[in-house]
Amino acid sequence: MTRTPVNVTVTGAAGQIGYALLFRIASGQLLGADVPVKLRLLEITPALKAAEGTAMELDDCAFPLLQGIDITDDPNVAFDGTNVALLVGARPRTKGMERGDLLEANGGIFKPQGKAINDHAADDVKVLVVGNPANTNALIAQAAAPDVPAERFTAMTRLDHNRALTQLAKKAGVTVSDISRLTIWGNHSATQYPDIFNARIGGKSAAEVVNDEKWLAEDFIPTVAKRGAAIIEARGASSAASAANAAIDHVYTWVNGTAEGDWTSMAVPSDGSYGVPEGLISSFPVTTKDGQYEIVQGLDINEFSRTRIDASVQELSEEREAVRSLGLI
Ligand SMILES: NC(=O)c1ccc[n+]([C@@H]2O[C@H](COP(=O)([O-])OP(=O)(O)OC[C@H]3O[C@@H](n4cnc5c(N)ncnc54)[C@H](O)[C@@H]3O)[C@@H](O)[C@H]2O)c1
Ligand SMILES: O=C(O)C[C@H](O)C(=O)O
């Protein structure tokens, strides 16, 4: 194999998403079946042993594309020369913790990681933040990396996108492959807005095919937006395999492109499109090509959609104000 390996850093590597993610990266599903990878696993010191166990299992798979695994608790080492950074490890909300405490605790993780990316990552680094609150954690990391182009910092709403695809397919009696141009707008939180008005099913408007506004408002939107909580309730743990799958999808699509006539959902820094304040890391419809993404322009946003997009964007603005007042950005 002559291709230079791509360095992929995964933070929170010993966690449950890490366990579902690393084997898929090593098998070629993140970047392509012909792209060799080197893995860097970042963990907190007490979890290094568990990360070593996962690395032993990765070795035991004898993946032809896997050209090395480094394990460290030092972000400066983990992000040295990294091309793809998957920021999964985060501080979960625990009992008695206020939102400000959560943002502050995550600031303690994402600020130094952003600085390490700034100082050590490869020039072409692409960053995906998965750890919650993902959009605002991405903003914190981005602010600490002024030398990295701002648009390289993205957050994950592909899981929401995939959830919406399946719910819509079930309702319309079609397969997910029949659906295109679905969009998740806003925050990866319960305020997110899954938009089917611009989506297509077999070439027709998805909203017209479904033709059920009550289902849309009272079933589809809350089911997608609260799916994370429903998984926690059912499984006793937050989504892991589906989150890892979405992280794979996000990066694969970013690197390899969206299909002709379709788009995907990514939380990316706003350029002011659709009235989303500039700089907020908000989910948009995006097309990708040659490793770059573009926000889809010119979509019709009806009143139903406008109200819901605005509500989620308002939440993002409030989160930005909160981390600003904590001195994190
Ligand atoms: N954006 C999404 O769609 C989405 C979906 C599911 C889960 N999540 C979020 O992803 C995150 C990870 O979920 P999980 O189930 O793997 O959690 P987990 O608790 O199983 O694992 C998290 C890991 O991160 C590690 N970690 C903590 N601080 C770290 C640091 N400073 N550096 C490196 N590693 C650190 C922990 O030691 C732990 O091993 C959570 O914040 C979760 O809410 C996001
Ligand atoms: O970890 C969570 O709180 C839920 C997660 O973001 C999800 O959407 O499944």
Side-chain angles (χ1 to χ4, degrees), residues 9-22 40-55 70-79 82 85-94 97 99 102-117 127-138 140-141 144 154-164 184 186-192 194 222-251 265-267 281-283:
T9 302
V10 177
T11 77
Q16 49 155 7
I17 294 177
Y19 196 72
L21 182 59
L22 290 163
R40 299 271 170 70
L41 315 187
L42 179 67
E43 258 298 349
I44 53 171
T45 316
L48 285 176
K49 194 157 192 292
E52 279 161 21
T54 305
D70 294 322
I71 304 166
T72 179
D73 56 3
D74 180 350
N76 294 317
V77 174
F79 294 114
T82 197
L86 304 175
L87 309 191
V88 178
R91 174 75 161 81
R93 191 196 290 259
T94 41
M97 214 176 181
R99 203 167 75 135
L102 181 72
L103 291 171
E104 194 162 19
N106 277 298
I109 295 173
F110 287 87
K111 202 172 170 176
Q113 290 184 0
K115 182 165 184 344
I117 289 169
V127 183
L128 166 62
V129 176
V130 174
N132 281 320
N135 302 51
T136 298
N137 286 340
I140 294 168
T154 67
M156 192 166 92
T157 50
R158 185 63 174 263
L159 178 55
D160 312 295
H161 183 99
N162 288 345
R163 287 166 171 166
I184 302 294
N187 202 0
H188 172 67
S189 76
T191 68
Q192 67 177 267
T223 298
V224 173
K226 295 181 189 163
R227 187 71 162 185
I231 302 277
I232 292 170
E233 174 67 27
R235 230 171 69 81
S238 63
S239 56
S242 57
N245 179 68
I248 296 275
D249 284 351
H250 178 113
V251 173
S265 303
M266 284 169 67
I281 298 188
S282 185
S283 190

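We're numbering straight along the sequence, starting at 1. For ligands, and for the atoms within them, numbers begin at 1 and follow the listed sequence. Model, not experiment: these values are computed from the prediction.
- Regarding atom 29 (C) of ligand 1, its nearest protein heavy-atom neighbour is Ile44 CG2, 3.5 Å.
- The protein non-hydrogen atom at the shortest distance from atom 4 (C) of ligand 2 is Gly228 CA, 4.0 Å.
- Shown in contact with Ser238 at under 4.0 Å from a heavy atom are these atoms of ligand 1, numbered in order with element: 15 (O).
- In terms of modelled atom types and a separation under 3.5 Å, the side chain of Asn137 and the main chain of Asn132 share a donor-acceptor contact.
- Taking CG from Leu159 and NE2 from His188, the interatomic distance works out to 6.5 Å, rounded to the nearest 0.5 Å.
- When all heavy atoms of Pro194 and Ile184 are compared, the closest pair comes out as CB-CD1, 3.7 Å.
- For His161, there are no ring-ring contact (aromatic ring centres under 6.0 Å, His included) partners at least two apart in sequence or on another chain.
- Formation of a donor-acceptor pair under 3.5 Å by the Thr11 side chain with backbone atoms of Val88 is found in this model.
- Looking at residues two or more places apart in sequence or on another chain, you find no side chain to side chain donor-acceptor pair (under 3.5 Å) involving Asn106.
- Protein heavy atom at the shortest distance from atom 11 (C) of ligand 1 is Val88 O, 3.2 Å.
- Protein heavy atom nearest atom 17 (O) of ligand 1, with residue, atom name and distance: Gln16 CG, 4.4 Å.
- Residue contact check: Arg163 has heavy atoms under 4.0 Å from atoms 7 (C), 8 (O), 9 (O) of ligand 2.
- Between Asp73 and Pro75 the shortest heavy-atom distance is O-CD, 3.6 Å.
- Using a 4.0 angstrom heavy-atom cutoff, Gln113 counts as in contact with ligand 1.
- Of the possible polar contacts, one joining the Gln16 side chain to the Ser238 backbone as a donor-acceptor pair under 3.5 Å is found.
- The Ala90 neighbourhood of ligand 1 comprises atoms 41 (O), with distances under 4.0 Å to a heavy atom of that residue.
- Every atom of ligand 2 with a heavy atom of Ser239 under 4.0 Å away is listed here by number and element: 7 (C), 9 (O).
- Atom numbering of ligand 2 starts at 1 in the shown order; those under 4.0 Å from a heavy atom of Ser238 are 1 (O).
- Heavy atoms of Ala14 approach ligand 1 to within less than 4.0 angstrom.
- When only non-hydrogen protein atoms are considered, atom 39 (O) of ligand 1 lies nearest to Glu43 OE2, 2.6 Å.
- Ligand 1 has no N or O atom lying under 3.5 Å from any N or O atom of Thr11, backbone or side chain.
- Across all their heavy atoms, Phe79 and Arg40 have their closest contact at C-NH1, 4.5 Å.
- The heavy atom nearest to atom 31 (N) of ligand 1, considering only Ile231, Asn162, Ile109, is found in Ile109.
- Of the possible polar contacts, one joining the Asn135 side chain to the Gly186 backbone as a donor-acceptor pair under 3.5 Å is found.
- No donor-acceptor pair under 3.5 Å is formed between the side chain of Ser239 and the backbone N or O of Gly228.
- In Asn132, the part holding a heavy atom less than 4.0 Å from any atom of ligand 2 is the side chain.
- Within a 4.0 Å radius of atom 19 (O) of ligand 1, the protein has no heavy atom.
- Looking at atom 7 (C) of ligand 1, its nearest protein heavy atom turns out to be Ile17 CD1, 3.5 Å.
- For atom 21 (O) of ligand 1, the closest non-hydrogen atom on the protein side is Gly15 CA, 3.2 Å.
- For atom 40 (C) of ligand 1, the closest non-hydrogen atom of the protein is Asn132 N, 4.1 Å.
- Summarising the geometry of Pro133 relative to Leu103, their closest heavy-atom pair is CG-CD2, 3.7 Å, with the distance given to 0.1 Å.
- Heavy-atom proximity to Ala243, at under 4.0 Å, picks out these atoms of ligand 1: 5 (C), 6 (C).
- Of all heavy-atom pairs between Ile140 and Lys111, the closest is CG2-N, 3.7 Å.
- Scanning the protein for heavy atoms near atom 6 (C) of ligand 1, the closest one is Ser239 OG, 3.4 Å.
- Checked by distance only, ligand 1 and Val130 come closer than 3.5 Å through their nitrogen or oxygen atoms.
- Within the 4.0 Å heavy-atom criterion, the part of Leu159 lying near ligand 1 is the side chain and not the backbone.
- Taking any N or O of Gly12, backbone or side chain, at least one lies under 3.5 Å from an N or O belonging to ligand 1.
- When all heavy atoms of Ala14 and Glu43 are compared, the closest pair comes out as N-OE2, 2.9 Å.
- Residue Met156 touches ligand 1 through backbone and side chain together, judged by heavy-atom distances below 4.0 Å.
- Side chain of Ser265 to main chain of Thr157: no donor-acceptor pair is present (N/O by atom type, distance under 3.5 Å, no hydrogens or angles).
- Those atoms of ligand 2 that come under 4.0 Å of a heavy atom in His188, given as number and element, are 5 (C), 6 (O), 7 (C), 8 (O).
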